[in-house]
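Reminder, nothing fancy here: chain letters follow the sequence lines and each chain counts from 1. Just so it is clear, the model here is predicted, and its values are computed rather than measured.
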Protein chains: 2
Amino acid sequence: MTDSSDKKYPVPTIRRLPSYLRVIKALDFEGREFVSATDIANELGIDSIKVRKDLAYTEATGKPRVGYRITELMHGIRSIIGWDRNSEAILVGAGCLGSALLGFPGFSKRGLNFVAAFDADREKYGTYVHECEIKPIEELEKFITERLIEIAVLTVPSFAAQQVTDRLVNAGIKGIWNFSPVRLKVPPSVVVQSENLMSGLAVFMVRMARGAE
Amino acid sequence: MTDSSDKKYPVPTIRRLPSYLRVIKALDFEGREFVSATDIANELGIDSIKVRKDLAYTEATGKPRVGYRITELMHGIRSIIGWDRNSEAILVGAGCLGSALLGFPGFSKRGLNFVAAFDADREKYGTYVHECEIKPIEELEKFITERLIEIAVLTVPSFAAQQVTDRLVNAGIKGIWNFSPVRLKVPPSVVVQSENLMSGLAVFMVRMARGAE
DNA sequence: CTGTAATCGATATATTTTTATCGATATAAA
DNA sequence: TTTATATCGATAAAAATATATCGATTACAG
C-alpha cells in the first residue's frame with residue numbers, strides 16, 4: 001500500500017480539485033509560475049479559505065505573498081485524483097450517451113483510455129465510434145480477462161444495467177462508472193461511482209422556481 | 001409569488017428526491033399503494049431516517065406502520081422539483097454530448113422540452129437530431145425572444161461558452177444548464193447550474209485508488 | 001380485546017463542511 | 001532599513017448535514 005492510498009480526502013474537496021487544476025493549467029500556459037489561493041478563488045467565484053484548505057491536502061507548500069508554485073501544485077492535485085496514472089477502460093452500451101463519452105477527449109487526457117466498447121446491437125459490431133471499436137457484448141468477458149481490464153463505464157439502458165454489471169464483476173472488473181439510474185448490486189470489493197443527471201436537473205429546476213438569488 | 005417558491009430545501013435533499021421518485025414510481029407500477037421510508041431506504045442503500053427527513057419537506061404525511069400514500073408522495077416530490085410543470089428549452093451546441101441530451105427521453109418526461117437546437121456548423125442546419133431541428137446559431141436571439149424561451153442547455157465547446165452565454169442572457173434567458181467546464185459570468189438574476197463530469201471522474205479515481213471500502 | 005412490532009414525526013446528538021480569525025512570513029514600497 | 005500588505009497555515013467558530021433516540025400511533029397477530 002502506498003502512502004497516499006490510505007489518506008482520506010473529503011469528497012467535496014475531491015470534486016473541486018479538477019476545477020483548480022483547470023484554472024492553474026491555464027495560468028501555466030500563460031507562463032505564470034506562481035498562483036495564490038486567492039487567484040483561484042476569484043477565478044472560480046468561491047471562497048479563498050476553502051481553496052487554501054483544499055490545497056493543503058496536496059503536498060504542495062505555498063509562500064506568503066507569492067502563493068504556490070504552479071508545477072508543484074499541478075503535480076500534487078493530479079497525484080491525489082489519479083490523473084498522473086494511465087488506466088485502460090471499456091465502455092458498455094454504445095448508445096447516444098456512450099458514444100458521446102467515447103468522443104470526449106478529456107478522458108484520455110486524464111488517464112482514462114477507452115480500449116474497446118461493447119454493445120448488444122449487431123449492426124454496430126465492427127464499426128468505430130471515435131477510434132474505438134464496437135465489439136459484440138458476447139466478447140465482454142473474454143476481453144476483460146485477456147486484457148486485465150479493471151474499469152468499466154456503464155451506459156446501457158436501465159433494464160440491462162444489473163445484468164451487465166454481474167457479468168463485469170464476474171469477469172474481474174474492479175470499478176464501474178455508472179451512468180444508468182439504477183443502484184447496482186456489487187460485492188464490497190468493487191467500486192461503483194454513479195452519476196445521475198436527474199439530480200442536477202432537479203436542483204436546476206428548484207433554483208429556477210425560486211428565482212435567482 | 002406562490003407559497004412554495006420561498007421555501008428552502010437543502011440541496012442534498014433535492015438531489016436525492018429524483019431517486020425516491022424513481023423507486024416509488026416502480027412500486028406504483030406494481031400496484032402498491034403505500035411505501036415506507038424504510039422501503040425506499042433499503043432499495044437505495046441509504047439511511048431510512050434521512051429518507052424520512054427528506055420526505056418531511058413534501059406535504060405528504062405518513063401513517064405509522066403503513067408509510068406514505070404513493071400517489072400523494074409522487075405529487076409532493078414532483079411539486080418540489082418542478083417536474084409537474086412544463087417548460088420549453090433550447091439546446092445550444094449540437095455536438096456529441098448535445099445530441100445525446102436531445103435524444104434522452106427522460107427530459108420531456110420531466111417537463112423539460114427541447115423545442116430547438118442551435119449550432120455553429122452550417123452543415124447541420126435543417127437536420128434533425130431526435131426530432132429536434134438544428135438551427136443556425138444566428139437565429140438564436142430571434143427564436144428566444146419570439147417564443148419567450150427561458151431555459152437554455154449549454155453544450156458548446158469551452159472557448160465559445162461565455163460568448164454564447166452573453167447572447168443567451170441578452171436575449172432574455174433566465175436559466176442556463178451548463179455542461180461546459182467554464183464558470184459563466186451572468187447577471188445575478190440568471191440561474192446557472194453547472195454539471196462537471198470531471199468531478200465524478202475524480203471521485204471515482206480516488207475511490208479506486210484506495211480500494212473498495 | 002390486548003399485546004407486539006413497525007413506522008412516523010419530533011427532538012437531540014454527532015459529524016462534516018464551510019467560514020472566520022489570527023499570528024507568522026515574505027515581498028515590495030517608502 | 002523600516003513599514004505596509006498580501007498571503008500562508010493553523011486554529012477556532014459557525015453552519016449544514018447526517019445519524020441517533022424516543023414517545024405516539026397504527027395495523028396486525030394472538
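- Of the two residues contacting DNA chain C, namely A:Arg16 and A:Val66, the nearest-nucleotide position lying further toward the 5' end is that of A:Arg16.
- Listed candidates were C:dT25, C:dT7, D:dA20. Nearest to the side chain of B:Ile49 is D:dA20.
- Nearest nucleotide to the side chain of B:Pro64, out of C:dT18, D:dA18, D:dT26: D:dT26.
- Among the atoms of the strands shown, none is found under 4.0 Å from any heavy atom of B:Ser48.
- In this structure, CG of B:Asp47 is placed 8 Å from C1' of D:dA18, rounded to the nearest angstrom.
- Listed pair A:Lys50 / C:dT19 meets the phosphate criterion, a side-chain N or O lying under 4.0 Å from OP1 or OP2.
- For a distance-only test at 3.5 Å, the side chain of B:Arg65 qualifies as a donor-acceptor partner of the base of C:dA5.
- Distance, B:Arg69 CZ to C:dT7 P: 17 Å, rounded to whole Å.
- As a whole-Å value, the separation of B:Leu17 CG from D:dT17 C1' is 15 Å.
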Q. Would A:Lys185 and A:Thr165 count as a side-chain contact (heavy atoms from CB on, under 4.5 Å) if you check the C-alpha gap in whole Å, the side-chain angles of each, and the deciding distance to 0.1 Å?
A. CA-CA 8 Å; A:Lys185 292 175 186 77; A:Thr165 296; over 6 Å; no
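- Residue A:Thr38 is in sugar-phosphate contact alone, with no base atom involved, counting any heavy-atom pair closer than 4.0 Å across all strands shown.
- The residue A:Thr61 sits close only to the backbone: its heavy atoms come under 4.0 Å of sugar-phosphate atoms, none of a base.
- To the nearest angstrom, P of D:dG9 lies 12 Å from CD of A:Glu59.
- Across the protein-nucleic acid pair, A:Tyr57 atom OH and D:dA10 atom P stand 12 Å apart, rounded to whole Å.
- The shortest distance between side-chain heavy atoms of A:Val92 and A:Val153 does not fall below 4.5 Å.
- The shortest distance between the side-chain N/O atoms of B:Arg52 and the OP1/OP2 oxygens of C:dG9 is not below 4.0 Å.
- A sub-4.0 Å separation between OP1 or OP2 of C:dG9 and a side-chain N or O of B:Tyr68 is present.
- Following rounding to the nearest Å, A:Ile46 (CD1) and C:dA20 (P) show an atom-to-atom distance of 14 Å.
- At least one side-chain heavy atom of A:Leu201 sits under 4.5 Å from a side-chain heavy atom of B:Phe107.
- In this structure, B:Ala56 reaches neither bases nor backbone, as no heavy-atom distance under 4.0 Å exists between it and the strands shown.
- For D:dA18, neither phosphate oxygen OP1 nor OP2 lies less than 4.0 angstrom from any side-chain nitrogen or oxygen of B:Lys53.
- Comparing B:Ala60 and A:Val11 by the nucleotide of DNA chain C whose heavy atom lies nearest to each, the residue mapping closer to the 5' end is B:Ala60.
- Counting only heavy atoms from C-beta outward, the side chains of A:Ile80 and A:Tyr57 approach each other to under 4.5 Å.
- Following rounding to the nearest Å, A:Phe34 (CZ) and C:dT25 (C1') show an atom-to-atom distance of 15 Å.
- The closest side-chain heavy-atom distance from A:Asp119 to A:Ile137 is not below 4.5 Å.
- Distances shown here put a side-chain N or O of A:Lys63 below 4.0 Å from the OP1 or OP2 atom of C:dT27.
- Under 4.0 Å is where a charged nitrogen must lie from a carboxylate oxygen, and between B:Glu141 and B:Arg167 at least one such pair does.
- One atom, CG of B:Leu55, and another, P of C:dA10, lie 13 Å apart when rounded to the nearest Å.
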